[in-house]
**Q** 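The following block contains the structure, expressed as structure tokens.
We name chains A, B, ... by the order of the sequence lines, and we start the count at 1 in each one.
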Number of protein chains: 2
Amino acid sequence: METEISTEQKILDAAEEVFIEEGFSGARMQQIADKAGINKAMLHYYFRSKDKLFELVFAYKMKQFMPRVESVLQNPALSLLDKLDAFVEAYLDMLRHNPRLPMFILSTMNRNPELMKSANIQFGKWIIQLIEEEIEKGTIKRVNPHQFMLTLIGMCIFPFVGRPVFSAVFELKKEAYELILTERKEHVQAYIRFILEP
Amino acid sequence: METEISTEQKILDAAEEVFIEEGFSGARMQQIADKAGINKAMLHYYFRSKDKLFELVFAYKMKQFMPRVESVLQNPALSLLDKLDAFVEAYLDMLRHNPRLPMFILSTMNRNPELMKSANIQFGKWIIQLIEEEIEKGTIKRVNPHQFMLTLIGMCIFPFVGRPVFSAVFELKKEAYELILTERKEHVQAYIRFILEP
DNA sequence: GTCTATACGGTGATAGAC
DNA sequence: GTCTATCACCGTATAGAC
């Protein structure tokens, strides 16, 4: 019943794990090779260099990191509040399945801001525009759209990147923190309504 | 008028810069030596190894990162809202002077959670207790203290760790983002009152 | 495509003169 | 304390047999 996985894919999977765990400069080609169950020389045969391999992995993870919300945002049947709810729902679910993804993206981008070109970015302008329109229509309260989005996205991401610090400062064991993550969705959605509902 | 700075201090200053910029595994002893204007051998003369040097720098930066709020929190003349306001005021000011500090601490802690022992952590319990007391007294609205603190701290830190991603997604130039950071303090304080005031 | 062997530069760390 | 020279090792990358 084992699905046959190509060597190339085995390498990519292993590289993803190691780069996310160790970062670019902390990752070792040997470690990636071991995890993929192949020889170190094969890495270069398939991907030429560590840099090339990293670029591929990063672009792939970046695509995963950026919320795919075109269909939701453009669905005229949904109110802005419903759209934001759907966004939070989907995004927090994704992050719970990829808890180390945000730190990988954020720390890589901090040392290498130009890597952003590999991502699709129209998402931001749409949301700001939507918020401003609804404010004009008077269907939501007047807020600073950028401050609001900075808080909203931070509410989703920070629990994952700040986990070690936060759970140490507040002395939260694994189970207690998991509970917080579970309840986070409702909390963020309540925040949205509390801030935006007239 | 030049103040005389000891070699030891010059090394620490240089190491701080390089470690924050590059992380532990990305940092090079040669680069630290160059920046300190001394020879590579001197690093080992003063600090034995890269690990030792990093530990010292990390412990120092961690102390800086952890809010020092004992005096404010325990001041009986201040209401909880005033205490939180003072915290946000001081903490955001500190972060604006050390914008790369949060990413350094968070990413290091993610790969090395046990490093937390070097920090003083009573802060967390006090705040949670304060919040619960005020809820009992009915002076603030009923909230989940951990969710609230997670949001509050995230509101302060995320603008710095998420800056490259956020400013790319929302196409914010340097000046626009600086403005957001400037206005962040008021925004966070307004959030506190909005959530907690009965 | 996959392996072994190896080149080659860089990196942390030390020895020893001054 | 400060320097130069050097070591031992590790890391990426390549050559070449099969």
**Q** I need the NE2-P distance between His44(A) and dT12(D), as an integer number of Å.
**A**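 For the pair His44(A) NE2 and dT12(D) P, the rounded distance is 7 Å.
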**Q** Under 4.0 Å between a side-chain N/O of Thr7(A) and OP1 or OP2 of dT2(C), yes or no?
**A**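 So the side-chain polar atoms of Thr7(A) do come within 4.0 Å of the phosphate oxygens OP1 or OP2 of dT2(C), strictly under.
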**Q** In this structure, how many angstroms lie between the P atom of dT2(C) and the NZ atom of Lys10(A), rounded?
**A**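 Spelled out: NZ on Lys10(A) to P on dT2(C) is 8 Å.
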**Q** Show, in sequence, the C-alpha distance, side-chain angles and deciding distance for Phe194(A) and Phe194(B), and conclude whether the ring-ring contact (aromatic ring centres under 6.0 Å, His included) test is met.
**A** CA-CA 9 Å; Phe194(A) 195 58; Phe194(B) 196 57; 4.7 Å; yes
**Q** Any base atoms under 4.0 Å from Ala27(A), or only sugar-phosphate, or nothing? Heavy atoms, all strands.
**A**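 It contacts sugar-phosphate atoms only.
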**Q** Nearest heavy atom decides the nucleotide; on that basis, is Arg48(B) or Ala41(A) closer to the 5' end of DNA chain C?
**A**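 Upstream on the strand: Ala41(A).
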**Q** Is it true that Ser107(B) and Asn110(B) share a donor-acceptor pair across their side chains at a distance under 3.5 Å?
**A**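 Checked: Asn110(B)/Ser107(B) side chains show no N/O donor-acceptor pair below 3.5 Å.
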**Q** Which nucleotide in the list dT12(D), dC3(D), dC3(C) gets nearest to the side chain of Met42(B)?
**A**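 From the listed options, dC3(D) comes nearest.
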**Q** Regarding Lys125(A) and the six-membered ring of Phe170(B), is the cationic atom NZ or CZ under 6.0 Å from the ring centre and inside 45° of its axis?
**A**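 Relative to the ring axis of Phe170(B), which defines the angle, Lys125(A) lies outside at least one limit.
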**Q** Using whole Å, what does the distance between atom P of nucleotide dT12(D) and atom NZ of Lys52(A) come to?
**A**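 Distance, rounded to whole Å: 17 Å.
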**Q** Ignoring the backbone of Tyr45(B), work out which of dA13(D), dT2(D), dG12(C) is nearest its side chain.
**A**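 The answer is dT2(D), which lies nearest to the side chain.
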**Q** Expressed as a whole number of angstroms, how long is the span from Asn39(B):CG to dT6(D):C1'?
**A**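 Result: 13 Å.
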**Q** Take Phe54(A) and Phe19(A) through the test ring-ring contact (aromatic ring centres under 6.0 Å, His included) and record every step on the way to the result.
**A** CA-CA 8 Å; Phe54(A) 183 79; Phe19(A) 280 135; 4.9 Å; yes
**Q** Can you check the Lys50(A) NZ to dC10(D) P distance for me, whole Å?
**A**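 Those two atoms, NZ and P, are 16 Å apart.
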**Q** Determine whether more than 12 heavy atoms belonging to other residues, nucleotides or ligands lie under 6.0 Å from atom CZ of Arg193(A).
**A**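 It does: Arg193(A) CZ has more than 12 such atoms within range.
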**Q** Measure the distance from CD1 on Ile11(A) to P on dA13(D) and round it to the nearest whole Å.
**A**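 Value for this atom pair: 13 Å.
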**Q** Would you kindly give the OH-to-C1' distance between Tyr46(B) and dA13(C), to the nearest whole Å?
**A**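 Those two atoms, OH and C1', are 18 Å apart.
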**Q** Over all strands shown, is Met29(A) touching base, sugar-phosphate only, or nothing at heavy-atom distances under 4.0 angstrom?
**A**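 Met29(A): backbone/sugar contact only, no base atoms under 4.0 Å.
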**Q** May I have the distance from Phe47(A) (atom CZ) to dT12(D) (atom P), rounded to whole angstrom?
**A**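 In whole Å, dT12(D) P lies 15 Å from Phe47(A) CZ.
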